[in-house]
There are 2 protein chains.
Amino acid sequence: MASDLLDRLREQQWRLSPQRRVVAEVLEGEHVHLTAEQVHELAQRRLPEISRATVYNTLNELVAMGEIAEVQVTDGAKRYDPNIGDTHDHLVCERCHTIRDVPSSGTRPTVPTRARAGFLVTGVDITYRGLCPDCARAARRKES
Amino acid sequence: MASDLLDRLREQQWRLSPQRRVVAEVLEGEHVHLTAEQVHELAQRRLPEISRATVYNTLNELVAMGEIAEVQVTDGAKRYDPNIGDTHDHLVCERCHTIRDVPSSGTRPTVPTRARAGFLVTGVDITYRGLCPDCARAARRKES
DNA sequence: TTTACTGCAAACCGTTTGCAGTTCC
DNA sequence: GGAACTGCAAACGGTTTGCAGTAAA
């Protein structure tokens, strides 16, 4: 199965180097949202010489091209979301900071016009916070 | 008018130094969400010798005590939200990164149980993204 | 061949920390 | 008096950048 992402990038006359290919492949293969560091690690498994700088550069370009999205839901590192096809919300673990996609619930909230204060609203992000199964289990064990 | 925040802090036997008082006062006076740097700047206007480290320490303590909340909605610096009384959502400008509170809309979205993937969900954050009045005006001017 | 990407290392920004000195209770 | 706070400066983690070399088209 050919990579949709790579196909799209080729169409946009993106100069395709081994490094960029590997970054794109890593992102496509993953269903969780990786940090730049994690992308670098996985990319190095396939292409040991790839540098951190190149990973960062590539991620930023992909974001600029609208092919992936940055997600900043917790302290620390940004995460990269390759799933930009349809809108979805995020479920984030307050303890281990894992992020999981959830299909967006039917009705999207909107700002009451009165409260809009002159803002031009273009989108809504919904982030559910809580504990992932593993961390919930660990927390339960600790408090007993 | 005495400070509610300071009153509450005194009750919690919080050691009250000039530096801490000034940080608390700066936060209370503001209705927008400041970065640590901005808090430092405003605090310095009243107490020139106050150090960055102390501002950071104090902000972190206030967060730990549950008196203010950290808000991380964009790249860059965390912002501090003194308005923890009742739940509210945020309106953030994609261009200048200003944050404004909006009273939360009636119904809060929830994760369909099926999609919960074993997570223990404890809260929802809703962030509206767009352009603040000033930036919307600037954008309109530019594109014409 | 030319333009643009890569790698390195140094710089950067926001934040945290260790420590010596000082202050609040 | 003693625990707890302050300021400084150095360290930190994540990310960006300048530049010389290299490779895609």
Side-chain angles (χ1 to χ4, degrees), chain A residues 6 9-27 33-44 46-65 67-81 96-97 99, chain B residues 6 9-27 33-44 46-65 67-81 96-97 99:
Chain A
L6 284 175
L9 294 173
R10 252 185 296 266
E11 272 164 33
Q12 303 191 24
Q13 70 240 80
W14 200 49
R15 197 129 149 186
L16 201 42
S17 66
Q19 293 82 337
R20 289 177 166 194
R21 161 179 281 106
V22 164
V23 169
E25 285 171 357
V26 163
L27 286 170
H33 302 345
L34 304 170
T35 62
E37 228 354 90
Q38 293 172 320
V39 173
H40 183 219
E41 242 174 72
L42 293 174
Q44 275 190 316
R46 299 166 172 230
L47 194 66
E49 329 79 345
I50 193 172
S51 74
R52 224 184 301 283
T54 296
V55 171
Y56 276 105
N57 287 340
T58 305
L59 289 172
N60 285 339
E61 281 173 63
L62 290 171
V63 170
M65 289 191 254
E67 292 294 343
I68 63 176
E70 277 181 7
V71 185
Q72 172 99 61
V73 274
T74 21
D75 294 9
K78 289 174 203 160
R79 296 175 177 261
Y80 292 89
D81 183 350
C96 71
H97 301 152
I99 302 178
Chain B
L6 284 174
L9 295 173
R10 253 185 297 265
E11 271 164 34
Q12 303 190 25
Q13 71 239 79
W14 199 48
R15 195 130 150 189
L16 200 43
S17 66
Q19 292 83 337
R20 289 177 165 195
R21 162 179 280 107
V22 164
V23 169
E25 285 172 356
V26 163
L27 286 170
H33 303 345
L34 304 170
T35 62
E37 224 359 85
Q38 293 172 320
V39 173
H40 183 218
E41 239 173 73
L42 292 175
Q44 275 190 317
R46 300 165 173 231
L47 194 66
E49 329 79 346
I50 193 172
S51 74
R52 226 182 302 279
T54 296
V55 170
Y56 276 104
N57 287 340
T58 305
L59 289 173
N60 285 338
E61 282 173 62
L62 290 172
V63 170
M65 289 191 255
E67 291 295 343
I68 63 176
E70 276 181 8
V71 185
Q72 173 101 58
V73 275
T74 20
D75 295 7
K78 287 176 205 159
R79 296 176 177 261
Y80 293 89
D81 183 350
C96 72
H97 301 153
I99 302 178

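Keep in mind that this is a model prediction, so the values were computed, not measured. Chain letters run A, B, ... following the sequence lines, proteins first and then strands; every chain starts at 1.
The CG atom of A:L16 sits 16 Å away from the P atom of C:dA4 (whole-angstrom rounding). In this structure, A:E61 places its CD atom 7 Å from P of C:dT6, rounding to the nearest Å. Per the geometry, CG belonging to A:L62 stands 14 Å off C1' belonging to C:dC5, to the nearest Å. C:dG14 atom P lies 16 Å from atom CG of B:N60, rounded to whole Å. Atom CG of B:L34 and atom P of C:dT15 are 13 Å apart (whole Å). Counting to the nearest Å, the P atom of C:dT22 and the CD atom of B:E49 are 14 Å from each other. Taking atom CD on A:Q13 and atom P on C:dT3, their separation rounds to 16 Å, with Å as the unit. Computed from coordinates, the A:K78 NZ to C:dC13 C1' distance equals 12 Å when rounded to whole Å.
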Could you go step by step and tell me if A:D81 and A:I99 meet the side chain to side chain contact (heavy atoms under 4.5 Å, CB included) rule?
-> CA-CA 10 Å; A:D81 183 350; A:I99 302 178; over 6 Å; no

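In this structure, B:Y80 and B:V26 have side chains that are not in contact, with every pair of non-hydrogen atoms separated by 4.5 Å or more. Counting only heavy atoms from C-beta outward, the side chains of B:V55 and B:R52 never approach each other to under 4.5 Å. By the 4.5 Å heavy-atom criterion applied to side chains, A:E70 and A:N60 are counted as neighbours. B:V39 places none of its side-chain heavy atoms less than 4.5 Å from the side chain of B:T58. With contacts defined as side-chain heavy-atom distances shorter than 4.5 Å, the pair B:L27/B:L62 qualifies.
Using a 4.0 Å heavy-atom distance criterion, A:E37 is classed as making no nucleic acid contact. Across all strands shown, B:N57 has heavy atoms under 4.0 Å from base atoms, whether or not it also approaches the sugar-phosphate. A:A53 comes within contact range of at least one nucleobase, with a heavy-atom separation under 4.0 Å.
The base of C:dT15 is not paired with the side chain of B:R52 by any donor and acceptor separated by under 3.5 Å. Residue side chain B:R15 reaches the base of C:dC24 through a donor-acceptor N/O pair under 3.5 Å, judged by distance alone.
Atom OG1 in A:T35 sits 12.0 Å away from atom NZ in A:K78 (nearest 0.5 Å). Atom CZ of residue A:R46 and atom CZ of residue A:R21 lie 10.5 Å apart, to the nearest 0.5 angstrom. Atom-to-atom distance recorded for B:L16:CG and B:L9:CG is 7.5 Å, nearest 0.5 angstrom. To the nearest 0.5 Å, the span separating CG on B:L47 from NE2 on B:H40 amounts to 9.5 Å.
A close approach under 4.0 Å does not occur between any side-chain nitrogen or oxygen of B:Y56 and OP1 or OP2 of C:dT16.
Summary of helix geometry: the two end axes of the helix from C:dT1-D:dA25 to C:dC25-D:dG1, each defined by five base pairs via their C1' atoms, are inclined to each other by 30° (rounded to 10°).
Taking for each of B:R79 and A:R20 the nucleotide of DNA chain C with the nearest heavy atom, the 5'-most of the two is the partner of A:R20. Checking B:Q19 against B:Q72, the closest nucleotide of DNA chain C that is more toward the 5' end is the one next to B:Q72.
Close approach of DNA chain D to chain A, defined as any atom under 4.0 Å from a non-hydrogen atom of the protein, starts and stops at D:dG14 to D:dA25.
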